[in-house]
Engineer: 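Dumping the structure here so I can ask a few things about it.
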Number of protein chains: 2
Amino acid sequence: MSQARERGIPDATVARLPLYLRALNGLAERGTATVSSEDLAVAAGVNSAKLRKDLSHLGSYGTRGVGYDVQYLIYQISRELGLTQDWAVAIVGVGNLGRALANYGGFVSRGFRVAALFDADRSVVGERLVGMAVDHIDALESVIEDRGVSIVVIATPGAAAQQVADRVIAAGITSILNFAPVVLTVPDGVDVRKVDLSTELQILAFHEQRKADRDTGSPMMAGDWAEVMDA
Amino acid sequence: MSQARERGIPDATVARLPLYLRALNGLAERGTATVSSEDLAVAAGVNSAKLRKDLSHLGSYGTRGVGYDVQYLIYQISRELGLTQDWAVAIVGVGNLGRALANYGGFVSRGFRVAALFDADRSVVGERLVGMAVDHIDALESVIEDRGVSIVVIATPGAAAQQVADRVIAAGITSILNFAPVVLTVPDGVDVRKVDLSTELQILAFHEQRKADRDTGSPMMAGDWAEVMDA
DNA sequence: GTACCTTTGTGAAGCTATGCACAAAGTGCG
DNA sequence: CGCACTTTGTGCATAGCTTCACAAAGGTAC
């Protein structure tokens with residue numbers, strides 16, 4: 001390893017590690033002991049050279065002529081991602097999405113634990129979900145502190161999201177996963193990741209339209225702006 | 001425009017267009033008529049030079065010294081993304097996540113319409129959701145054809161996802177949004193986008209761990225592999 | 001019409017990520 | 001032991017994305 005472990009794994013690599021981890025867990029379940037970069041790359045749906053380069057950023061964990069020990073690699077990636085420790089997660093907003101998230105199997109997988117649920121609607125407060133009672137949003141700060149929450153998932157309507165973010169940041173949270181369809185404004189040092197369902201659909205629609213255009217040979221014209229505006 | 005409209009908008013740009021569109025809709029609601037790249041960039045949370053270059057790929061729709069006409073730009077981006085036409089979307093898997101998706105406001109926003117719901121569980125079939133009755137998965141192919149579905153959302157358990165994908169592709173679908181935690185194998189020409197809730201959490205955990213390491217000055221050692229394996 | 005101001009659109013530079021291709025390192029057989 | 005085979009780890013070239021910085025273009029005031 002030359003430039004390897006010197007703290008600084010490319011973001012693109014970090015984003016793929018969970019993918020490799022899942023593929024490895026699949027192999028482990030089927031009892032596979034070692035795997036080559038080629039086979040693992042196929043299972044993860046990436047190019048094998050990229051996979052090897054990604055793994056080389058973590059260290060030199062393979063054996064030439066053999067491949068990677070599945071269990072050992074699972075451990076190394078888990079450790080790098082911080083999954084060997086327990087993360088207390090709070091979900092704010094127990095609507096349809098919040099419920100889905102709380103129940104989502106992979107969500108509560110190794111390393112993550114739903115430690116608190118919040119909602120503003122008093123008719124929901126007290127309800128039990130995955131063994132947790134829903135707390136009222138008024139108790140946000142105290143519950144976060146009491147239960148050692150370090151990651152907050154925002155699953156509220158868009159209008160409430162910024163306010164929730166401000167409060168949890170004031171309470172010391174620096175990692176937020178945002179499902180609300182708004183751009184959160186946060187101070188430096190706070191990480192926000194956004195998952196946006198409609199964005200993904202729109203990107204698909206773009207490509208689907210491209211295919212249709214190519215088939216019919218009729219890319220829509222920039223013309224009828226006036227008509228559209230009248231409607 | 002020099003290399004502008006010649007069909008070929010960078011993926012990175014396409015991925016940001018929905019973001020701009022949302023920011024613009026927010027401005028439109030507040031009655032703003034025109035906006036500068038600088039202000040729009042702030043609203044969308046990006047660098048203004050990047051915003052301008054992104055928009056320049058669509059054409060030259062701004063006015064120097066003034067900015068962009070909000071309504072006009074909304075129309076142009078919508079058109080480019082294919083949102084001026086109606087997309088019939090089917091959701092396969094009406095569990096917690098499927099229900100959340102069907103009810104998600106932004107999901108049924110301009111351009112998209114939930115046209116079919118499927119589940120394998122007969123106790124769910126017939127149930128009504130957002131004005132649609134849930135169909136049994138057996139009717140997948142015929143309903144997709146009858147209702148002109150062109151985009152399929154897979155919200156099934158991981159084990160069922162590949163099989164669902166194979167069937168909808170055989171039925172002519174070429175755009176899939178996959179929420180199941182598996183890598184789908186699909187033929188060329190089929191677009192798959194994956195939304196993975198646990199992946200996002202894992203990336204957050206990585207960064208959160210980094211911050212913690214920096215504070216305590218104690219990056220976890222590669223040591224105790226044996227201990228962990230014994231557990 | 002002219003001078004000044006604002007803001008776009010883009011050339012060019014720098015940075016990051018990808019993928020090829022191969023030397024180095026290990027396995028295993030005769 | 002030596003040779004043939006496998007597979008990793010990485011130097012290098014290429015492709016793609018981001019950011020800077022500024023000329024060109026339009027608006028406004030007088």
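First the proteins, then the strands, lettered A, B, ... as listed; each starts at 1. These figures come from a predicted structure and were not determined experimentally.
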Engineer: Taking CD1 from A/I9 and P from C/dA17, how many angstroms apart are they, rounded to a whole number?
Structural biologist: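 Going from A/I9 (CD1) to C/dA17 (P), I get 12 Å.
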
Engineer: Does the base of D/dT8 carry an N or O that pairs as donor and acceptor with the side chain of A/R64 under 3.5 Å?
Structural biologist: yes

Engineer: Take the protein atom NE2 of B/H57 and the nucleotide atom C1' of D/dG16, then report the distance between them rounded to whole Å.
Structural biologist: 11 Å

Engineer: Would you kindly compare A/A12 and A/V66 by the position of their nearest DNA chain C nucleotide and give the one closer to the 5′ end?
Structural biologist: A/A12

Engineer: C/dT10 C1' sits how many Å from B/L55 CG, rounded?
Structural biologist: 13 Å

Engineer: Using a cut-off of less than 4.0 Å, is there contact between a side-chain N or O of B/T63 and OP1 or OP2 of D/dG26?
Structural biologist: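 For D/dG26, OP1/OP2 do not have a side-chain N/O of B/T63 under 4.0 Å.
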
Engineer: Salt bridge or not between B/E38 and B/R52? Use side-chain N to carboxylate O under 4.0 Å.
Structural biologist: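 The answer is no: the pair does not qualify as a salt bridge.
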
Engineer: Reckon A/Y68 has a side-chain N or O less than 4.0 Å from the OP1 or OP2 of D/dG9?
Structural biologist: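 Yes, because at least one side-chain N or O of A/Y68 sits under 4.0 Å from OP1 or OP2 of D/dG9.
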
Engineer: Counting only side-chain nitrogens and oxygens, does A/S60 get under 4.0 Å of the OP1 or OP2 atom of D/dG9?
Structural biologist: yes

Engineer: For residues A/Y68 and A/Y61, establish whether the separation of their ring centroids is below 6.0 Å.
Structural biologist: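 No.
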
Engineer: Which value, rounded to the nearest 0.5 Å, describes the distance between A/L17 atom CG and A/I9 atom CD1?
Structural biologist: 6.5 Å

Engineer: To the nearest Å, how far apart are A/D54 CG and C/dA17 C1'?
Structural biologist: 10 Å

Engineer: Report yes if a donor N or O on one partner sits less than 3.5 Å from an acceptor N or O on the other, where the partners are the side chain of A/K53 and the base of C/dG19; otherwise report no.
Structural biologist: yes

Engineer: Of A/G65 and B/D11, whose nearest nucleotide on DNA chain D comes first from the 5' end?
Structural biologist: A/G65

Engineer: Does B/R52 place a side-chain N or O at less than 4.0 Å from the phosphate oxygens OP1/OP2 of D/dC22?
Structural biologist: no

Engineer: May I have the distance from B/D69 (atom CG) to D/dG27 (atom C1'), rounded to whole angstrom?
Structural biologist: 15 Å

Engineer: In this structure, how many angstroms lie between the C1' atom of C/dT8 and the CG atom of B/D39, rounded?
Structural biologist: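 Nearest whole value for this atom pair: 14 Å.
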
Engineer: From CG of B/L58 over to C1' of C/dT10, roughly how many Å is that when rounded to an integer?
Structural biologist: 15 Å

Engineer: Just the rounded figure in Å: distance from C1' of D/dT18 to CG of B/L51.
Structural biologist: 13 Å

Engineer: Heavy-atom nearest nucleotide on DNA chain C for B/E38 versus A/K50: which residue maps closer to 5'?
Structural biologist: B/E38

Engineer: For A/T174, does its backbone N or O pair with a side-chain atom of B/K211 as donor and acceptor, under 3.5 Å?
Structural biologist: yes

Engineer: Roughly how far, to the nearest 0.5 Å, is CZ of B/R210 from CD of A/E80?
Structural biologist: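 A/E80 CD to B/R210 CZ: 5.5 Å, rounded to 0.5 Å.
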
Engineer: If you compare every side-chain N and O of A/S37 against the phosphate oxygens of D/dT8 (OP1, OP2), does one of them come in below 4.0 Å?
Structural biologist: yes

Engineer: With a 4.0 Å cutoff (strictly under), does any side-chain N or O of A/N47 reach OP1 or OP2 of C/dC20?
Structural biologist: yes

